[in-house]
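The structure under discussion appears below in the form of structure tokens.
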Amino acid sequence: MSSYTPPLTDIRFLLTRLIGCERLAALPGYNGINEELVDSVLEEAAKIAAEQFAPLNQTGDRQGAKCANGIVTMPAGFQEAYKAFADGGWNGLPVEIDTGGQGLPWSIAMPVQEMFQSANLSLALCGLLNQGAIEALATHGGDALKATFLPKLISGTWSGTMNLTEPQAGSDVGAVRCKAFPADDPHLGVHYKITGQKIFISYGDHDLTENIIHLVLARLPDAPEGSRGLSLFLVPKILVKNDGTLGKANDVRVVSIEHKLGQHASPTCVMAYGDKDGAIGYLVGGEHGGMAAMFTMMNNARIGVGLQGLAVAERAYQQAVDIAKTRVQGRAIGDPKGFPVAIIQHPDVRRMLLGIKAHIAAARALIYSCAYAIDVSKHVADENKKKSAAARIDLLTPIIKAWLTDLANEITSTAVQIAGGMGYIEETGLAQHMRDARVLAIYEGTNGIQANDLVFRKLVRDDGAAFKDLLDEMMRFLPELTTLPGEDAPIMHRHLSRALLQLRETSEWVVKKAKSDASGGAAIAAPFLRMVGNIVGGYYLLKSAALAQKDMRENLGDADFLAGKITAARFYAEHVLPLSGGLAVTVMEGSAGILNATEKTF
Ligand SMILES: Cc1cc2nc3c(=O)[nH]c(=O)nc-3n(C[C@H](O)[C@H](O)[C@H](O)COP(=O)(O)OP(=O)(O)OC[C@H]3O[C@@H](n4cnc5c(N)ncnc54)[C@H](O)[C@@H]3O)c2cc1C
């Protein structure tokens with residue numbers, strides 16, 4: 001019931017048709033990419049995800065990670081599954097070959113990671129954090145630090161963590177109080193002593209790897225107030241000797257792990273740094289340059305958390321379909337004397353399933369397109385193309401993080417609804433997906449913070465230029481829909497073109513509003529992000545559906561799969577895109593009512 005089948009047909013379709021292996025192969029450094037390579041990587045990853053990660057999802061949830069005597073123990077089977085993942089080189093898939101990775105594009109790494117996340121969200125979170133740590137260290141670390149720590153992080157022999165949160169510093173990272181002091185020891189070279197407490201640190205301790213490399217935000221003496229005064233330090237759990245072997249334990253300990261709603265197998269740790277004489281740490285990036293370095297890690301992780309949203313939604317979808325096809329209940333409408341039917345025969349159940357299918361298809365097309373933009377930004381030679389790809393990623397990051405994780409919460413809940421009481425009880429595993437998904441909208445910057453980021457950073461900062469680029473691209477796609485045969489394409493065209501006009505007007509209004517009335521802009525940032533997510537996701541879905549239409553016409557590919565993509569796109573056009581009109585009104589007219597509310601209102 002709770003098994004996982006990697007959605008290889010859809011992944012492959014998006015990679016070969018929407019992204020295009022030939023477009024990937026045209027990027028410098030990727031000329032070896034072709035469909036055979038893509039297939040072999042996907043199939044191998046799918047095997048480990050389905051056979052080694054997925055069977056541990058429910059048992060991991062039941063057993064949970066345990067903390068006793070300052071040591072965290074992972075649930076049974078997790079060590080072996082992690083070893084298969086690390087030994088297979090999956091951890092370093094998108095890392096450049098000269099730094100010890102596999103040198104494959106993010107366009108391939110993203111689907112691979114999706115499969116591991118779908119199979120076991122709690123276990124795959126370890127790799128997600130590690131990936132961010134690798135990116136931050138590779139971008140901001142000095143040569144000596146990189147030489148000592150990167151190879152083991154990339155191989156997955158060691159794992160990385162991100163340490164921002166403290167009791168008084170959640171969304172407000174600038175309130176961090178952890179301290180760092182320059183220290184001098186001829187045997188250790190330039191280093192710092194770190195003291196303070198961090199909370200909610202995912203994989204702060206565990207028994208999957210030999211060492212754990214913490215990236216910790218702390219404040220140097222005389223640092224400016226707020227986030228501008230933060231520096232980033234690399235603090236190993238076990239100190240590393242000059243010859244690269246492990247030395248004595250650092251002054252770092254896990255105090256406890258949290259008992260929480262979901263993701264029971266992912267240890268969320270309270271960490272104490274420097275209880276004795278200070279934890280030894282090394283500066284990553286410049287003094288007071290901590291936020292820039294941490295943002296490299298956070299941006300990577302924010303897209304990764306969006307991917308987690310897609311992944312858990314896919315897992316819940318598969319189980320909901322399974323139940324909808326096998327659970328017999330009631331008779332078909334209009335046939336009161338007929339045989340009882342599977343619940344998938346009821347139009348409302350089909351509506352719910354189509355809603356999930358369509359949103360997943362939109363989300364997957366969106367995030368894979370962002371992965372392609374990452375590849376372009378890292379590999380294209382032309383500076384202008386590099387810059388515009390980077391601007392696109394920047395713009396899409398809060399949308400992917402918030403829209404996909406809000407969807408994950410809604411989709412996992414709808415999947416429970418489809419299964420009825422069987423979904424609500426723990427046995428089927430559907431309830432676990434709903435619990436596991438809940439935190440995705442909270443960690444890596446809450447979705448409220450993402451909405452502010454979209455409005456104030458991504459729109460206002462460049463006067464909406466990157467956003468306008470995306471809008472223009474979506475507008476340019478419209479005529480393609482008019483050339484397709486059948487009744488679906490005109491419907492899609494009508495709804496997308498109307499939504500795009502509404503989005504143009506609304507986004508221009510939001511830029512002006514946010515500049516002249518910041519509170520007003522902040523009040524409607526979340527519905528605006530929803531509107532943007534719905535439309536941008538819809539654009540990528542309809543683009544995929546147009547490709548599916550073409551393939552059908554030419555008798556290419558699996559006809560049922562292609563027809564399903566078109567059906568999902570039409571559903572999305574009729575049921576999701578029209579919401580833009582309402583959201584536009586809410587955004588442009590709904591801020592004053594929120595700001596009129598005072599504490600006494602509640
Ligand atoms: C399971 C789990 C794992 C985690 N893993 C890590 C980790 O590995 N490393 C790490 O450093 N942290 C981690 N965190 C912490 C996580 O990133 C924070 O919980 C999150 O950033 C929100 O901070 P907070 O919980 O203090 O909520 P608060 O900041 O108190 O926010 C509460 C509410 O107020 C809203 N709010 C706050 N400020 C604003 C604002 N300026 N504008 C609009 N709305 C606002 C928020 O959106 C939210 O709805 C983890 C948390 C959990 C639960």
Side-chain angles (χ1 to χ4, degrees), residues 61 64-65 72 121-133 136 159-178 196-206 212-218 226-227 230 232-233 235 254 256-271 273 290-291 293-295 297-302 304-305 308 312 398 401-402 405-406 409 435-457 514 518-529 591 594-595:
D61 179 60
V72 173
L121 210 60
S122 286
L123 176 55
L125 179 61
C126 182
L128 193 161
L129 289 158
N130 200 17
Q131 187 115 48
S159 70
T161 70
M162 64 194 297
N163 289 242
L164 295 90
T165 309
E166 297 175 11
Q168 78 295 340
S171 300
D172 181 10
V173 182
V176 157
R177 285 192 201 135
C178 260
Q197 193 189 62
K198 294 284 179 185
I199 61 167
F200 295 163
I201 304 307
S202 297
Y203 279 87
D205 197 53
H206 59 83
I212 302 172
I213 310 304
H214 303 289
L215 291 183
V216 183
L217 277 180
S227 57
L230 294 174
L232 185 65
F233 299 91
V235 184
V254 53
S256 58
I257 60 173
E258 305 294 350
H259 300 278
K260 53 196 199 295
L261 180 67
Q263 294 198 16
H264 291 155
S266 144
T268 308
C269 304
V270 176
M271 303 295 299
Y273 289 92
M291 279 315 282
M294 192 48 111
F295 255 113
M297 182 164 188
M298 284 198 296
N299 283 333
N300 180 297
R302 282 177 177 177
V305 172
Q308 286 192 305
V312 72
K401 191 314 176 155
T405 60
D406 279 345
N409 277 291
R435 289 187 286 100
D436 284 354
R438 190 61 193 88
V439 76
L440 306 182
I442 296 172
Y443 65 26
E444 262 332 302
T446 64
N447 285 2
I449 296 295
Q450 304 303 319
N452 284 346
D453 181 48
L454 174 65
V455 168
F456 293 102
R457 277 211 174 94
S519 299
I524 49 70
F528 177 64
L529 188 147
S591 60
I594 295 175
L595 297 177

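In listed order, ligands and their atoms are each counted from 1.
- With rounding to the nearest 0.5 Å, the separation of NE2 in His206 from SG in Cys269 is 8.5 Å.
- Under the rule for a side-chain hydrogen bond (donor to acceptor under 3.5 Å, both in side chains), Asn409 has no partner lying at least two apart in sequence or in another chain.
- Sorted by chain then number, the residues whose non-hydrogen atoms approach ligand 1 to under 4.0 Å are Met162, Asn163, Leu164, Thr165, Gly170, Ser171, Phe200, Ile201, Ser202, Lys260, Thr268, Val439, Ile442, Tyr443, Glu444, Thr446, Ile449, Asn452.
- Rounding to the nearest 0.5 Å places CD of Glu166 at 8.5 Å from CD of Gln197.
- Ion pairing of Lys401 with Asp453 is absent here, as no side-chain N (NZ or NE/NH1/NH2) approaches a carboxylate O to less than 4.0 Å.
- Summarising the local packing, CZ of Arg435 is surrounded by more than 12 heavy atoms from other residues, nucleotides or ligands at distances under 6.0 Å.
- Considering Asp205, Val72, Ile201 in turn, Val72 is the only one that fulfils the side chain to side chain contact (heavy atoms under 4.5 Å, CB included) rule with Ile257.
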